[in-house]
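So you know, we letter chains A, B, ... as the sequences are listed, proteins then strands, and number each from 1. Just so it is clear, the values below take in all heavy atoms, side chains as well, and ignore hydrogens, waters and symmetry mates. If you're wondering where the values come from, they're calculated on a predicted model, not measured in any experiment.
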Protein chains: 2
Amino acid sequence: MALEHALLVALREQPASGLELSRRFGKSIGHFWSATHQQIYKVLARMEADGWVVAETVVQQGRPDKKVYDVTPAGREALVAWLATPTPESPLRSELAVKMRGASFGGSAGRAAVLESVRQHAADHELRLDHYRHLTKRDYPDGPAGLSPLELDQYLVLRGGILLEEGQLAWLTEYLEAHS
Amino acid sequence: MALEHALLVALREQPASGLELSRRFGKSIGHFWSATHQQIYKVLARMEADGWVVAETVVQQGRPDKKVYDVTPAGREALVAWLATPTPESPLRSELAVKMRGASFGGSAGRAAVLESVRQHAADHELRLDHYRHLTKRDYPDGPAGLSPLELDQYLVLRGGILLEEGQLAWLTEYLEAHS
DNA sequence: GGTTCCATGTAAGTCGTTACATGATTCC
DNA sequence: GGAATCATGTAACGACTTACATGGAACC
């Protein structure tokens, strides 16, 4: 029940078509709320039926038409109402943690496989961390000083990405060291 | 497609009934893979049909009978096979991050509401962090030295809980400081 | 007598993923 | 000519949640 609101936020930052949204979700917001294009189309259709957004068909040359969505006043109200709603804690699910606890029951092959998974994930997290740090340097070379409220919030969400990735990496590194 | 395997791990550590499992999932493993009892019963039934587990009805005095599940050789094989499978990265979903980015579009009331949500979550994470640290002191007073492989893995998963909670807390603290 | 706990489920519905479909256009 | 991109979807399925149901035992 929250993809709708994530889309509202994205559309308030900038009106967009379904595909543009799904691409944007591959970046910024998507790091904290992923969605495929199929899902996005479905939810957009429902939001349009509910009057939260309106679509305007934009004719393009050399490309298919696209439907650019924008948020209606009703959609804005829905967003504000949602902000005031208590935020349930997102259940943290780590398949890797389950495998770590299962490694003892998998013999030497199982243990090696889990080690390999952990190594792979550590590399992934390191990569993403590099990416976030690069974004920080590029978009906020002077740190958070002098940013508008909107920019400050975007900066702080990026900081969240960095801090969470650092936590993950610290964990997996500790695991690998303990098993070496 | 992974609750099955989480249950296999839990049952290999100790055979149990559905309700006992759902209680255990409120603790240790559950911090990384939550599940309600309804879901657990359903999956256990499927696993029994698949021959991964067998149920033994245990008569109790003053209480209803319970069905204690144990893992079969086929279940053990399924667990080993799963360990060797590549581990997809669990999509990280933070409703709070979406709200942070939406706060600018919610007026002063919206911003205050988001701040309150962040404060609440920070308190929750601090509480859980205290809990994990308490568990560490109680169960591993001497650190990881001298633990069996199984205990070491349990220790390392607990360490994961601590490191991830610390990351979360650091993030939310930074947010609150930036908005004070 | 009412409430809570134990223990096992069913039913209905939402959320999300995976696979497939279409049709035009540009790139090699 | 074949592949990739743009753009929008449908269909089928599985995962997960929420609400409800049952029935006895213990607690106050």
Sort out for me which residue in V53(A), L79(A), V68(A) forms a side-chain contact (heavy atoms from CB on, under 4.5 Å) with L11(A). V53(A)
Whole-Å distance separating the CG atom of L21(A) from the C1' atom of dT8(D): 13 Å
Describe, in one word, how the ring planes of Y41(B) and H37(B) are oriented to each other, choosing from parallel (under 30°), tilted (30 to 60°) and perpendicular (over 60°). perpendicular
Selected nucleotide, minimal atom distance to S17(A) side chain, candidates dT8(D), dA15(D), dT18(C): dT8(D)
Establish, from distance only, whether the side-chain atoms of T136(A) and R159(A) form a donor-acceptor pair under 3.5 Å. no
May I have the distance from R46(A) (atom CZ) to dT10(D) (atom P), rounded to whole angstrom? 14 Å
Starting at CD of E20(B) and ending at P of dA7(C), how long is that distance when rounded to a whole Å? 6 Å
Measure up the H5(A) and W82(A) rings against each other and bin them: parallel (under 30°), tilted (30 to 60°), perpendicular (over 60°). parallel
Write down the atom of G75(A), the atom of L8(A), and the distance for their closest heavy-atom approach. O-CD1, 3.6 Å
Is any side-chain N or O of R93(A) closer than 4.0 Å to OP1 or OP2 of dA15(D)? no
When you match W33(A) and K42(B) each to their closest nucleotide on DNA chain C, which lands nearer the 5' end? K42(B)
Given atom CG of D65(A) and atom P of dG23(C), what is their separation to the nearest angstrom? 15 Å
dA11(C) P sits how many Å from Y41(B) OH, rounded? 17 Å
Between N or O atoms, less than 3.5 Å apart, protein on one side and nucleotides 22-28 of chain D on the other: list the pairs.
unit_1	atom_1	unit_2	atom_2	d
dA25(D)	O3'	G62(B)	O	3.2

Among the candidates dA7(D), dG16(C), dC6(C), find the nucleotide nearest to the side-chain atoms of L19(A). dA7(D)
Looking only at heavy atoms, which two atoms of E95(B) and T87(A) are closest? And how far apart? CB-CG2, 4.0 Å
For the pair made of CD in E56(A) and P in dA7(D), what is the distance, rounded to whole Å? 15 Å
I want to verify a distance call: between dT10(C), dC6(C), dC16(D), whose nearest atom is closest to the Q38(B) side chain? dT10(C)
Distance, rounded to the nearest Å, where Q39(B) contributes CD and dA7(C) contributes C1': 18 Å
Go nucleotide by nucleotide along DNA chain C from the 5' end; which of H37(B) and P91(B) gets its closest nucleotide reached first? H37(B)
Measure from CD1 on I40(B) to P on dT18(D) and round the result to the nearest Å. 15 Å
Looking at every heavy atom in both F25(B) and A6(B), which two are closest together, and how far apart are they? CZ-CB, 3.9 Å
Applying a 4.0 Å non-hydrogen cut-off, can you work out what Q60(B) is touching in the nucleic acid: base, sugar-phosphate, or nothing? sugar-phosphate
Ignoring backbone atoms, test whether R23(B) places a side-chain nitrogen or oxygen under 4.0 Å from the OP1 or OP2 oxygen of dA7(C). yes
